[in-house]
Amino acid sequence: MKHINYLLLFLFPILLLAQEHSHRSSRPLTFPDIPGYKTIKSDLHIHTVFSDGNVWPNIRVQEALRDNLDLISLTEHLEYQPHKEDIPHPDRNRSYEIALKEAQDHDLLIVHGSEITRSAPMGHNNAVFIKDANPILQEQAEKAFTEASKQGAYVFWNHPAWYAQSPKGTPIMSDFQKTLVEKGQLHGIEVINSMDYAEESLALALEYNLTIMGTSDVHGLIDWDYTEKGNHRPITLVFAKEKTLPSIKEALFAGRTVAVYNDLLVGKEAYLVPLIQKSIQVNSLKYIDDTQVLEVVLENLSSSDLIFENAMTFSFYSKPAIFTIKAGTSETLRIKTLENLGQLQLELKALGAYVAPRTNPVISWDLRVGQ
Ligand code: ZN
């Protein structure tokens, strides 16, 4: 007993330190890389007390670490500061600076951003990858976008379907947005904002070739707003050549993203298909005894539950055509191939994934039996 206590005495401070610095949690978001790209987990729409949020910027950094994110941006409203009597902060860069300092010893990238806030038709827009937030604070909306553009910012339209600005709950692409797109000053659009997904926003993303975004737009705590309710925070997966800010910026401008909220995944086919393809690992593949029933064990490596529908002509033994592979777990499929095949294409429609409004992609895996 004595030597155990002795050991603990030495270990205790080390354990305490490790705990303080790892921010480990039971809710990490995980997605595999896709061929040619690193999968960057980002949330680029977040508020703190420096605008209308309720927490200090360091809490946002710690939440992002608990969620296993790679990149965040604190996008304070430039024009709306309800806490300014208690926290006067004429410098609109403060929130970013505090977050940057908090994140310096961690594997989390912070990108400088701001929210340009107007009523409809301009609406709310986030400019990220900015250099200085102060000159973006402008009386005239057009001037704010011109300044963001001058700084090389990536700009996206926030919650275009928000009913406070668009009472029908559907986005209205006004001449203001059309002109911005033409001038190259608007590059992305939120199709998922907090708990809301709008398929009309996805349609606009595809029509105007805007980058598909998903964000938490969190004002309270991630724990209270999402985790406690059994949800993950909405994020944008960015497919970047490297895990660096310039590389991520290039990927956002190029439209290489998938927006994720729980089991909902929304993105362009070129990225969503390989993402789901890589999220499923085939662990075992064999015919049951002397039968023509092929047994396949599929493991979901992602943190999203994946819902599939059989898209093959072959039917399943003892399983319905629609089934779910929960995040981080395995499911066994028994496929009635009618004859013993050496090779076949497993084809499943991903029902939680959208490449266009109400359009699910069919994902295929090349199965080779008996190796
Ligand atoms: Zn916002």
Side-chain angles (χ1 to χ4, degrees), residues 42-57 59-61 63-64 67 69 71-84 87 89 92-96 98-99 110-130 133-134 136-138 141 144-145 148 153-166 169 171-172 176-177 180 185-198 201 204-205 210-222 224-226 231-236 252 257 259-261:
S42 75
D43 186 354
L44 300 179
H45 192 166
I46 298 175
H47 295 278
T48 77
V49 288
F50 283 83
S51 62
D52 58 347
N54 301 316
V55 306
W56 198 253
I59 299 297
R60 293 303 186 215
V61 170
E63 286 176 328
D67 288 331
L69 298 190
L71 169 74
I72 60 166
S73 186
L74 304 186
T75 49
E76 313 298 353
H77 296 283
L78 287 167
E79 309 82 354
Y80 181 50
Q81 301 183 315
H83 307 300
K84 75 175 166 204
I87 309 165
H89 44 93
R92 299 300 197 277
N93 299 310
R94 278 306 290 152
S95 169
Y96 164 69
I98 295 165
I110 311 286
V111 65
H112 198 355
S114 275
E115 183 159 3
I116 304 167
T117 319
R118 296 291 189 282
S119 45
M122 288 83 111
H124 296 193
N125 295 266
N126 276 355
V128 294
F129 293 92
I130 61 170
N134 295 317
I136 303 173
L137 177 61
Q138 294 278 346
F145 286 89
Y154 164 78
V155 180
F156 59 96
W157 187 10
N158 299 339
H159 45 70
W162 185 30
Y163 57 37
Q165 290 200 330
S166 189
I172 300 157
F176 180 80
Q177 279 86 28
L180 285 183
Q185 294 183 352
L186 182 64
H187 318 104
I189 183 169
E190 284 180 349
V191 301
I192 299 172
N193 173 282
S194 59
M195 296 182 178
D196 301 323
Y197 161 60
S201 302
L204 287 179
L210 297 168
T211 300
I212 292 166
M213 303 294 292
T215 70
S216 72
D217 197 359
V218 69
H219 291 74
L221 287 170
I222 290 287
W224 295 357
D225 289 359
Y226 293 101
N231 297 315
H232 287 301
R233 73 195 291 166
I235 56 168
T236 304
L252 284 167
T257 61
V260 182
Y261 179 47

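Remember, it's 1-based here, ligands and their atoms both numbered in the order they're listed. As the structure is a computational prediction, the values presented were derived from the model and not from experiment.
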* Taking only residues two or more places apart in sequence, or in another chain, which ones meet R60 in a side-chain hydrogen bond (donor to acceptor under 3.5 Å, both in side chains)? ->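 Checked R60 against side-chain hydrogen bond (donor to acceptor under 3.5 Å, both in side chains); matches are E63.
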* Asked: Mind checking whether H89 and H83 have ring centres under 6.0 Å apart?
  ->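 That pair fails the under 6.0 Å test.
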* **Which atom of D217 approaches the Zn ion (ligand 1) most closely (N/O/S)** =>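 Of the nitrogen, oxygen and sulfur atoms in D217, the Zn ion (ligand 1) lies nearest to OD1.
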* Using only N, O or S atoms, tell me which atom of E115 is closest to the Zn ion (ligand 1). =>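 Per the distance ranking, E115 contributes OE1 as its closest N/O/S atom to the Zn ion (ligand 1).
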* Asked: Has H47 got an N/O/S atom less than 2.8 Å from the Zn ion (ligand 1)?
  ->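 Given the 2.8 Å cut-off, H47 counts as a ligand of the Zn ion (ligand 1).
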* Asked: Can you tell me if H45 has an N, O or S atom under 2.8 Å away from the Zn ion (ligand 1)?
  ->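 Yes, H45 qualifies, because one of its backbone or side-chain N, O or S atoms lies under 2.8 Å.
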* Considering non-hydrogen atoms only, spot the tightest contact between R118 and Q165 and give its length. =>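 Closest pair (atom of R118, atom of Q165, distance): O-NE2, 3.0 Å.
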* Asked: Would you say the side-chain atoms of S216 pair up with the backbone N or O of S194, donor to acceptor, closer than 3.5 Å?
  ->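 Not confirmed, S216 side chain does not pair with S194 backbone.
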